[in-house]
Structures are given as structure tokens and as C-alpha cells.
Amino acid sequence: MPVAFLASVNCMAQTRQANTVACPLDSTAKTIYKGETSMAYSLFEKVDKAHNANENVVISPLCLADALAILGNGAKGITSDQIMNVLGTEELSAEKVSEVYGKLNDYLAGYKREVGIKTANAVWINDQFKTKPEYSNKNRNDFKAEIHNQKLALDMTKNAINLWCDKNSNGAIKNILSQPLSSEAKIALFNTICFNGTWNTVFDEDVTRPAEFINADGTKSKVMMMQQEEHYQVYEGEKMDLLRIPYLKGNFYMEIYLPHKGENLDNCLRNFNKKQDTQMRKRTSDQKVALDMPRMDLKCVTEFSEPLKAMEMTDAFSAEADFSGIADNKPSVSNIRQIVNLKFCEKGTEATSFTRKQYQQGDFTAKPLFFTMNRPFFFTIRERQSGVILFMGKIRKL
């Protein structure tokens, strides 16, 4: 009785309210956040191996963590242990992990004045499949998950799921299902995370110009290159530099890892992990930078089943699965899929309003550091207090 599981991600949210929810920052929460970032690097390395050498890879580790936490609420025994191990929370209960991720989502959703973030979760359950109320109630309480009971292998259900995804991605993902779910599917879980960030200092559209991007295979693509001079946190490495671009008010930021000319991105990132990343990030300093950044419209579809199995989360996908917390007849997982859409422009990441910084004369009397993103690079988008990674990607071709 496989579970059809799909996670969809998009970057559009447009409401504006003040954040009144505190970020959970106790020792348990910090352990969970560290687990999320460690998982992100291990998982990304395995996902990347499944793609070809000239293909972009973009994932949302936070979106997947939410999905695994929801799944973990119904897991027992070794199945639960393996999910918690992937999340880096093997010493904690699934109940506590779920609670913290739920509170983190509430906190992130409160930043609607600086950036727009919206998360949504839903579970579709076959109408002949009796789900335990404890599982439904836990996911409603922690994740505000919608619970739907109806036959899954029907056009009507497919249309309902597509409508839900359309609504909760603000219209960006209209047809996540092209055909009804399999007749073997008993439970289908969906989650979305929508992100809309405005740069702390927007790019001037009047100076954006056509330029070339040198792809990983040596071919060249025409791009529109945004330009600005600004103070940024920068680390100049031996083979790769790091630049941090804050979103409005600095609560979220994008970090870009750009190999030096002549260096290969894959070689620079081989065995790159959380510890190495932390060392680079701690060594940044304020510098004047002449930044050239291409406009980007990215879409990536990722199947996580095999990468998760490679991280020893195997039982969930087999007949050994123990999801008796969901139902007594113990379903298993068939696949975990994620769709990521991200757009970067002069105003930000799918930004809808912005402020422009006014410079005083003489701001750039010294020669700035040139940071020209005209070749493959790696990036992350993080939240400052928790440090969780909302998105990460390797851009090889534009």
C-alpha cells in the first residue's frame, strides 16, 4: 500500500503583516536546526549525483524536512529511527521534532513585511483507508495540515489536488498531477513553501545589460546581467569566493559561492559539508563589491527516494515500513518528489515592492572587489536566527 508523496515549492507570497511569533531558539530547537543544515549538504550531494554534469539542481531542504516530520508522525520502530537519523535528530522524539518545525513555520510566516513566506500542507487519504485520529490531529495542530478523505485514483481527486496546489503556490503550479494517482496509492501528502524576498538594496534596472554566461559544458548563453556596487560580506578563498546578499532588513540572505576563473564548480564543492561551509561563513568581512548577477528563472524537479535510501532511510520505501501510527495496515512510501521554482530579478526573488538605498557622494572612492557571476556557482537562501536553509542550488547552465 504505497504512499504517493509529492512536495511542491514556489517563491511567491504577497501579504504584509508584522511578525509577532518568536523563533524557537531553545537547545532542542537548535539541535533540530543543525540537523536540517547537515541533512541539506548530505542530501544535496546525493541528489546532484543523479543529475548530469550540465544540469541545474535546486532543492528546498526546509520543505523536505517538513515533509519528513509529517511522515515521521506516523512512523514507528526502525522506520521512525531512520527518518529521525536523516533529519539529524536521532536523540529526539518525532513528536518534538514535529512541534518545533511547526513553530518554525509559524515564525517564518510572520516575516511578511520583509519577505513573504507561506507554508501549506495537506494529506489526501483513500476513503477506504482508516487513518488514526491521533495522526490527523497531530499534523493539524503542528502544521495546520488539511486532511481529505476521498478515492484517490479519480479525476475528481486529481482536480482537487491540482486546485489546492494552484491556490497554495499563488498560481505558480497549476497541474502538479497530469493524471490521477495510482490505484495502489492509499495516502498522498503534499506541502508547499512560497518565498518572496526583496533585496536590501535593489538593482537598478536601467543598468542591466546583455551578457554571456559560460555554462559548465563550455557553451555560452545570453543572459541579462544585473549590476550594482554595494557593501557586502565577502570571503575570498583559495579557489572559491563567498558573497552574502541580504534581503530587506537582513533577516534572510542569499549566499553565493563562486569558483575563481579556471576552477571547476564540482571540484570546488566535492565533499563540501556543513563544517567547511561554517568556516567560510565565519570568515566573511565587509567589502565594497562590484556585483554582476544574472536574472534567473529556475525550475527543478527532484525525486528524493533514491537519495534518501542512500542516507539509510530504506525501510519507509519497503515492505518493512512501519507506519502503524497512520493506520494499522502499515502503508509504505512509493516516492518523494519536489518541484522548485525560483526567480531572481532586480527587485529580489519574485519581489513585488522595494525600497532603494540612497548613496552619499564618495561611497565608492576605493576600488571595489569584482564578483562577476558569469559562470557556474552554488547558492543557499537562509533565515538568520535559526540558520535553516530554505533553498540551495547548483547552477550550471542558464
Donor-acceptor contact present, side-chain N175 to main-chain S178, <3.5 Å: no
Donor-acceptor contact present, side-chain E212 to main-chain N374, <3.5 Å: no
Between Y107 and Q385, a side-chain donor and acceptor under 3.5 Å: yes
In one Ile/Leu/Val/Met/Phe/Trp/Tyr side-chain cluster, 4.5 Å: M224, L291: no
Test item: S182 side-chain N/O and E184 main-chain N/O as donor-acceptor pair under 3.5 Å: yes
Atom NZ of K76: over 12 foreign heavy atoms under 6.0 Å: no
Side-chain touch T284/L242, heavy atoms, less than 4.5 angstrom: yes
In one Ile/Leu/Val/Met/Phe/Trp/Tyr side-chain cluster, 4.5 Å: L177, V301: yes
Smallest separation among heavy atoms of S318 and S332, with atom names: O-CB, 3.4 Å
Carboxylate-amine/guanidinium proximity below 4.0 Å for D217 and R396: no
Heavy atoms from other residues, nucleotides or ligands near CD1 of I78 exceed 12 (cutoff 6.0 Å): no
Between CE on residue M293 and OG1 on residue T372, distance to nearest 0.5 Å: 13.0 Å
Side-chain ion pair, K138 and E134, N-O less than 4.0 Å: no
Heavy atoms of other groups near K132 NZ, more than 12 under 6.0 Å: yes
same_hphob_cluster(L154, I147) at 4.5 Å side-chain heavy-atom cutoff: no
Distance (rounded to the nearest 0.5 Å) between K347 NZ and M226 CE: 12.5 Å
Student check: side-chain heavy atoms of V340 and T302 closer than 4.5 Å: no
Sub-4.5 Å side-chain heavy-atom contact between L243 and L369: no
Straight-line distance of L269 CG to N264 CG, nearest 0.5 Å: 9.0 Å
Exam field: side chain E45 to backbone S42, donor-acceptor pair closer than 3.5 Å: no
Remaining members of hydrophobic cluster (4.5 Å side-chain criterion), I214: none
Under 3.5 Å side-chain donor-acceptor pair for N139 and N73: yes
Aromatic ring pairing W124/H148, orientation class (parallel under 30°, perpendicular over 60°, tilted between): parallel
E146 side chain reached by V123 side chain, heavy atoms, under 4.5 Å: no
E320, CD atom: more than 12 neighbouring heavy atoms under 6.0 Å: no
Exercise: identify the closest heavy-atom pair between I389 and A40: CD1-CB, 4.0 Å
ILVMFWY cluster, I193 and V21 together (side-chain gap under 4.5 Å): yes
Step-by-step side chain to side chain contact (heavy atoms under 4.5 Å, CB included) determination, H51 to K394: CA-CA 11 Å; H51 290 73; K394 185 183 284 188; over 6 Å; no
Proximity of F377 and F371 rings by center, below 6.0 Å: no
Least distance between heavy atoms, F213 atom then I395 atom: CZ-O, 4.5 Å
Shortest non-hydrogen contact between K249 and N200, atoms and distance: N-OD1, 3.1 Å
Non-hydrogen side-chain atoms of K151 and M156 separated by less than 4.5 Å: no
Ring geometry between F272 and Y41 (parallel below 30°, tilted from 30 to 60°, perpendicular above 60°): perpendicular
Pair D66-N121, side-chain donor/acceptor within less than 3.5 Å: no
Salt-bridge criterion met for R295 and E346 (N-O under 4.0 Å): yes
Check: N251 side chain, E383 main-chain N or O, donor-acceptor pair, under 3.5 Å: no
Atom of S305, atom of N335 and distance for their closest heavy-atom approach: OG-CA, 3.2 Å
Main-chain N/O of K34 paired with S38 side-chain donor or acceptor, under 3.5 Å: yes
Rounded distance (nearest 0.5 Å) linking atom CG of D48 with atom CG of L43: 11.0 Å
Short side-chain to backbone donor-acceptor contact, E312 and Q82, under 3.5 Å: no
Side chain N159, main chain D155, donor-acceptor under 3.5 Å: yes
Flag, side chain of Y33 to backbone of P24, donor-acceptor distance under 3.5 Å: yes
Heavy-atom check, side chain of E90 versus side chain of D81, under 4.5 Å: no
Within-4.5 Å side-chain heavy-atom neighbours: M313 and L68: yes
Whether Y247 and W199 hold their rings parallel, tilted or perpendicular, with breakpoints at 30° and 60°: parallel
Cation-pi check, R244 onto Y253 ring (under 6.0 Å, within 45° of axis): yes
Test side chain to side chain contact (heavy atoms under 4.5 Å, CB included) applied to I117 and F252, step by step: CA-CA 11 Å; I117 296 182; F252 297 81; 3.4 Å; yes
Heavy-atom side-chain contact between Y257 and Y235 under 4.5 Å: no
Residues in ring pair (Phe, Tyr, Trp, His ring centres under 6.0 Å) contact with F143, at least two apart in sequence or another chain: none
Heavy-atom donor-acceptor pair, E55 side chain to N52 backbone, under 3.5 Å: yes
N-O pairing of D328 and K130 below 4.0 Å: no
Electrostatic pair D277:R382 at N-O distance under 4.0 angstrom: yes
Any side-chain donor near an acceptor of the partner, D142 and S98, under 3.5 Å: yes
Atom CZ of R283: over 12 foreign heavy atoms under 6.0 Å: no
Shortest non-hydrogen contact from Y135 toward I70: OH-O, 3.1 Å
For R375, all residues meeting salt bridge (charged side-chain N to carboxylate O under 4.0 Å, His left out), sequence neighbours excluded: none
Within one Ile-Leu-Val-Met-Phe-Trp-Tyr cluster: L25 and L108, side-chain cutoff 4.5 Å: yes
